[in-house]
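Okay, so here's the structure we're looking at.
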There are 2 protein chains.
Amino acid sequence: MRLVIARCQVDYVGRLTAHLPMATRLILVKADGSVSVHADDRAYKPLNWMSPPCTMSVSEPDVEAAEALGVTEVWQVRSKDGDTLQISLAEVLHDTAHELGIDPGLQKDGVEAHLQALLAEHPATLGDGLALVQREYLTPIGPVDLLLRDAAGDYVAVEVKRRGEIDGVEQLTRYLDLMNRDPALSPVRGIFAGQQIKPQARTLASDRGIEWRLIDYDALRGMDNADERLF
Amino acid sequence: MRLVIARCQVDYVGRLTAHLPMATRLILVKADGSVSVHADDRAYKPLNWMSPPCTMSVSEPDVEAAEALGVTEVWQVRSKDGDTLQISLAEVLHDTAHELGIDPGLQKDGVEAHLQALLAEHPATLGDGLALVQREYLTPIGPVDLLLRDAAGDYVAVEVKRRGEIDGVEQLTRYLDLMNRDPALSPVRGIFAGQQIKPQARTLASDRGIEWRLIDYDALRGMDNADERLF
DNA sequence: CCTTAGATTTCGTGT
DNA sequence: ACACGAAGTCTAAGG
């Protein structure tokens with residue numbers, strides 16, 4: 001990993017064209033070949049970058065750039081599909097490199113998957129008498145998060161989101177349309193479940209006869225812990 | 001901007017929980033308060049980070065961490081909604097700080113906006129006899145990118161995407177449903193336009209009687225240049 | 001302030 | 001490889 005602090009000007013031509021006037025910035029060159037140009041804000045997002053795979057070549061500035069802007073060196077970073085990131089360096093204030101080695105990597109504890117698993121274990125949270133038939137029930141247009149059956153024996157398709165938005169309702173609608181065409185399943189009703197559900201999603205769901213349920217993640221986790229203590 | 005290269009272990013608790021075992025990484029502390037932890041890959045994406053506003057405090061490690069892992073210093077980064085990023089430093093290989101000042105910022109030349117503008121200027125690209133009525137025609141559920149009228153005087157609603165996917169078709173469908181309820185507009189037909197349109201989006205559009213058109217951005221730009229030369 | 005739509009989205013995962 | 005869904009998405013614009 002190479003860290004360069006320099007006054008520089010940057011020009012990107014690719015999926016868009018962008019220009020950064022001369023200013024002092026951090027240029028980060030990683031072992032994977034990626035190059036990113038950071039200002040002292042915008043959190044972790046660089047002003048400009050090139051994702052790997054890409055190649056970097058260093059060249060002399062043309063006379064004009066050298067005289068007008070004091071450019072001493074030009075980096076050309078080029079990706080496979082022709083995108084280019086050109087960094088014109090005028091004054092290098094810092095330049096170091098470090099061997100980091102490969103990272104053992106990140107261990108994540110997801111939320112949506114966990115939410116789905118918890119609801120699969122406690123389907124009655126979504127309504128009295130509901131019982132699990134299957135998780136990730138496959139339809140031709142994708143998997144339904146949970147397939148349940150109610151006390152009357154009718155099927156219930158459940159879409160689980162951490163944050164329920166309009167797209168999720170559209171998705172569940174498509175599943176329901178399809179499943180209700182299957183005589184072996186019909187009638188199938190829908191439940192849209194989420195930790196949060198946006199107002200528009202609530203309205204659209206209700207308008208389409210789909211129930212929506214707010215899920216209390218912490219309470220569900222609590223039930224889970226209670227179970228663990230019992231056994 | 002502070003650059004630290006150190007062996008460290010990281011623990012994040014917030015919208016998810018994540019853990020990074022001890023390894024050598026770059027820690028980037030920006031003037032905006034943000035902290036990000038980078039490995040030597042994953043392009044510009046950090047392994048872990050905290051977005052501003054947040055506060056950092058430095059403390060001594062507990063005896064256990066110091067003895068077992070050689071931790072010499074612990075950074076606690078806390079956001080206002082209770083998320084915490086804890087960085088346990090074991091060996092600091094590099095630590096420098098630089099004043100960068102505020103960045104003049106990025107000048108972008110967008111794509112989708114430009115595409116919409118070009119199509120507004122050359123609506124016949126979408127079909128013979130089509131003429132522009134209005135860009136960003138407002139409906140109660142959002143703006144239709146382009147409202148056109150065909151040779152017969154019927155309205156045509158156009159949704160423009162750089163990459164057309166199923167969501168875009170859903171969006172246009174909602175607009176069309178709504179507009180066709182208005183006797184002053186009905187009948188309104190739809191055109192889904194994009195530089196690329198995914199197969200599923202094509203199928204869904206066709207299934208709903210919505211035409212789809214692939215747009216040649218470069219050719220449109222060429223037409224634009226030709227116009228400029230004429231005047 | 002909330003909501004929506006776009007992003008050089010990026011990043012997995014499954015087919 | 002392509003396609004689709006999720007992201008600690010983030011971010012800017014509009015009501």
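Just the heavy atoms: all of them, side chains too, but no hydrogens, waters or symmetry mates, feed the values below.
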Return the value, rounded to whole Å, for the distance between atom [atom1] of [X] and atom [atom2] of [N].
X: B:Leu20; N: D:dG8; atom1: CG; atom2: P; answer: 13 Å
X: A:Arg202; N: C:dC2; atom1: CZ; atom2: C1'; answer: 14 Å
X: B:Asp83; N: D:dC10; atom1: CG; atom2: P; answer: 10 Å
X: B:Arg174; N: C:dA5; atom1: CZ; atom2: P; answer: 7 Å
X: B:Glu165; N: D:dC2; atom1: CD; atom2: P; answer: 14 Å
X: B:Tyr175; N: C:dT4; atom1: OH; atom2: P; answer: 11 Å
X: B:Leu106; N: C:dT9; atom1: CG; atom2: P; answer: 14 Å
X: A:Arg42; N: C:dT9; atom1: CZ; atom2: C1'; answer: 16 Å

Quote, to the nearest angstrom, the [atom1] distance that separates [N] from [M].
N: D:dG8; M: C:dG14; atom1: C1'; result: 24 Å
N: D:dA7; M: C:dA7; atom1: C1'; result: 13 Å
N: C:dT8; M: D:dA6; atom1: P; result: 22 Å

To the side chain of [X], which of [options] is closest?
X: A:Asn48; options: C:dG6, C:dT8, D:dC10; answer: C:dT8
X: A:Leu16; options: D:dG5, C:dT8, C:dA5; answer: C:dT8
X: B:Tyr12; options: D:dG8, C:dG6, C:dT10; answer: D:dG8

note = Correct closest heavy-atom pair for A:Arg42 and B:Gly105 would be NH2-CA, 4.1 Å
inquiry  = How close do A:Ala43 and B:Asp32 get, counting heavy atoms only, and between which atoms?
reply    = N-OD2, 2.9 Å
inquiry  = Check the phosphate of C:dT10 against A:Trp49, side-chain N and O only, distance under 4.0 Å to OP1 or OP2. Yes or no?
reply    = yes
ask   = Counting only side-chain N and O atoms of B:Lys45, is one of them less than 4.0 Å from OP1 or OP2 of C:dC11?
value = no
key: B:His19 vs B:Gln9 side-chain heavy atoms within contact, under 4.5 Å   = yes
ask   = Are the side chains of A:Ile210 and A:Arg208 in touch, meaning some heavy atoms are under 4.5 Å apart?
value = yes
Position toward the 5' end of DNA chain C (nearest nucleotide), B:Asp145 or A:Ser51 = B:Asp145
query = Please walk me through it: do B:Leu119 and B:Asp145 pass side chain to side chain contact (heavy atoms under 4.5 Å, CB included)?
reply = CA-CA 10 Å; B:Leu119 287 171; B:Asp145 289 336; over 6 Å; no
ask   = Just checking B:Tyr44: base, sugar-phosphate only, or nothing, at a heavy-atom cut-off of under 4.0 Å?
value = sugar-phosphate
